[in-house]
**Student:** 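I am attaching a structure below and will ask some questions about it afterwards.
Everything numeric here is computed off the predicted structure, so don't read it as measured data.
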Amino acid sequence: QEQLPAASDAELRGLDREIAARSGQVQALQQSCRHMEAELKDLNSSMTTPEIAREIEALRKDCASYTEKLERIKSATNHVTPEEKEKVCREQQLYRREWRRRKRMATELLDAILEGYPKSKKQFFEEVGIETDEDHGVVLPATT
């Protein structure tokens, strides 16, 4: 570098201005490049015209099949009458009440037995072979 002539202050200031201008241009170009890359990514991820046409056709077929299914349901003659529905609801309530009553009786009986039993409740259930609703993931239906 000693062989090169020394630059004057004016030349250095000019070079600094040129560096600043070029840096600004680089930043603007990088920003533009990022924007174009984002736009390219959006375009690549969107559907093409033939893909959209196929999608529309598939949706139309689905719509037609659902319309046909709806018409079949509407024209069906085996609708449940309000009286039949009420009867089924009453029966369900009756069975639910009976389930609760029997479960409560069994629990009370088992608790009475377990008062004098030396082992744990779980061990007693295993020895006797009792399976609970909870063992099978059964939950008593809520009242409607």
Side-chain angles (χ1 to χ4, degrees), residues 1-2 4 6-7 9 11-144:
Q1 291 182 356
E2 292 177 10
L4 297 175
D9 287 340
E11 287 176 322
L12 288 177
R13 282 192 297 274
L15 289 174
D16 285 340
R17 281 192 299 274
E18 189 177 337
I19 288 173
R22 301 272 182 194
S23 294
Q25 288 175 344
V26 166
Q27 288 177 352
L29 288 172
Q30 285 175 336
Q31 177 75 16
S32 175
C33 185
R34 281 193 295 269
H35 177 70
M36 288 181 181
E37 285 174 346
E39 189 176 344
L40 178 63
K41 182 180 175 186
D42 287 344
L43 290 173
N44 284 336
S45 66
S46 64
M47 297 176 112
T48 63
T49 303
E51 289 173 335
I52 289 176
R54 284 192 299 272
E55 183 73 19
I56 289 172
E57 187 59 33
L59 290 173
R60 283 190 178 137
K61 285 180 183 176
D62 287 348
C63 185
S65 69
Y66 290 140
T67 303
E68 181 183 325
K69 186 176 180 180
L70 179 61
E71 289 303 319
R72 279 197 319 265
I73 291 171
K74 283 181 178 179
S75 66
T77 57
N78 61 351
H79 293 293
V80 176
T81 65
E83 294 81 23
E84 290 173 326
K85 181 179 176 184
E86 183 61 33
K87 179 184 174 205
V88 169
C89 288
R90 278 195 310 271
E91 287 179 0
Q92 184 193 25
Q93 281 184 321
L94 173 72
Y95 295 139
R96 193 179 328 117
R97 272 195 307 271
E98 191 64 24
W99 184 354
R100 275 199 192 96
R101 187 178 71 78
R102 289 180 184 204
K103 184 171 181 162
R104 185 177 53 251
M105 288 179 1
T107 303
E108 289 172 359
L109 180 65
L110 290 170
D111 287 344
I113 292 171
L114 286 169
E115 284 180 8
Y117 193 71
K119 297 179 182 174
S120 72
K121 182 177 183 178
K122 184 177 179 182
Q123 289 173 330
F124 174 71
F125 281 12
E126 285 178 9
E127 286 178 16
V128 178
I130 296 174
E131 295 177 350
T132 64
D133 293 340
E134 291 77 18
D135 291 342
H136 294 281
V138 177
V139 179
L140 188 66
T143 6
T144 53

**Student:** Salt-bridge test for R101 and E98: reply yes if a basic N is under 4.0 Å from a carboxylate O, no otherwise.
**Tutor:** yes

**Student:** Has the side chain of S32 got a donor or acceptor atom that lies under 3.5 Å from a matching backbone atom of A28?
**Tutor:**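 No: the side chain of S32 does not pair with the backbone of A28.
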
**Student:** If you count every heavy atom of other residues, nucleotides or ligands that lies below 6.0 Å from R60 atom CZ, does the total exceed 12?
**Tutor:** no

**Student:** Roughly how far, to the nearest 0.5 Å, is the CZ atom of R97 from the CD atom of Q92?
**Tutor:** 11.0 Å

**Student:** What I want to check is whether the side chains of R96 and Q93 have a donor and an acceptor closer together than 3.5 Å.
**Tutor:** no

**Student:** Does E84 form a side chain to side chain contact (heavy atoms under 4.5 Å, CB included) with V88? I'd like the steps, not just the answer.
**Tutor:** CA-CA 6 Å; E84 290 173 326; V88 169; 5.6 Å; no

**Student:** I want to check something: taking the side chain as every heavy atom from C-beta on, are R13 and D9 in contact at a cut-off of under 4.5 Å?
**Tutor:**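 When only atoms from C-beta onward are counted, D9 and R13 do touch, with a gap below 4.5 Å.
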
**Student:** Give the minimum heavy-atom separation between D135 and I130, together with the two atoms involved.
**Tutor:**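 Minimum heavy-atom separation between D135 and I130: OD2-O, 4.1 Å.
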
**Student:** Considering residues, nucleotides and ligands other than M47, do more than 12 of their heavy atoms fall under 6.0 Å from its CE?
**Tutor:** yes

**Student:** Find the distance between CZ (F124) and CG (L114) and round it off to the nearest 0.5 Å.
**Tutor:** 5.5 Å

**Student:** Charged N to carboxylate O below 4.0 Å: is that the case for R72 and E68?
**Tutor:**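 The answer is yes: the pair qualifies as a salt bridge.
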
**Student:** Taking the side chain as everything from C-beta on, heavy atoms only, tell me whether C33 gets closer than 4.5 Å to E37.
**Tutor:**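 Yes, side chains in contact.
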
**Student:** Applying salt bridge (Lys or Arg N to Asp or Glu O under 4.0 Å) to K103 and E134, what does each step give before you reach the verdict?
**Tutor:** CA-CA 12 Å; K103 184 171 181 162; E134 291 77 18; 3.1 Å; yes

**Student:** I'd like to check the side-chain contact (heavy atoms from CB on, under 4.5 Å) partners of V138; sequence neighbours left out, ordered by chain and number.
**Tutor:**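 V138 satisfies side-chain contact (heavy atoms from CB on, under 4.5 Å) with W99, D133, H136 once adjacent residues are dropped.
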
**Student:** Looking only at heavy atoms, what is the nearest atom pair of Q123 and K119, with distance?
**Tutor:**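 In terms of heavy atoms, the two residues are closest at OE1-CB, 3.0 Å.
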
**Student:** How long is the straight-line distance from CG of L43 back to OG1 of T48, given to the nearest 0.5 Å?
**Tutor:**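 Those atoms lie 12.0 Å apart.
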
**Student:** Flag the pair R22 and E18 as a salt bridge only when some basic side-chain nitrogen lies within less than 4.0 angstrom of an acidic carboxylate oxygen.
**Tutor:** yes

**Student:** What distance do S23 atom OG and D16 atom CG have between them, rounded to the nearest 0.5 Å?
**Tutor:** 10.5 Å

**Student:** Atom CZ of R54 and atom CD1 of I52: how far apart are they, to the nearest 0.5 Å?
**Tutor:** 10.5 Å

**Student:** Can you tell me how far NZ of K85 sits from SG of C89, rounded to the nearest 0.5 angstrom?
**Tutor:** 6.0 Å

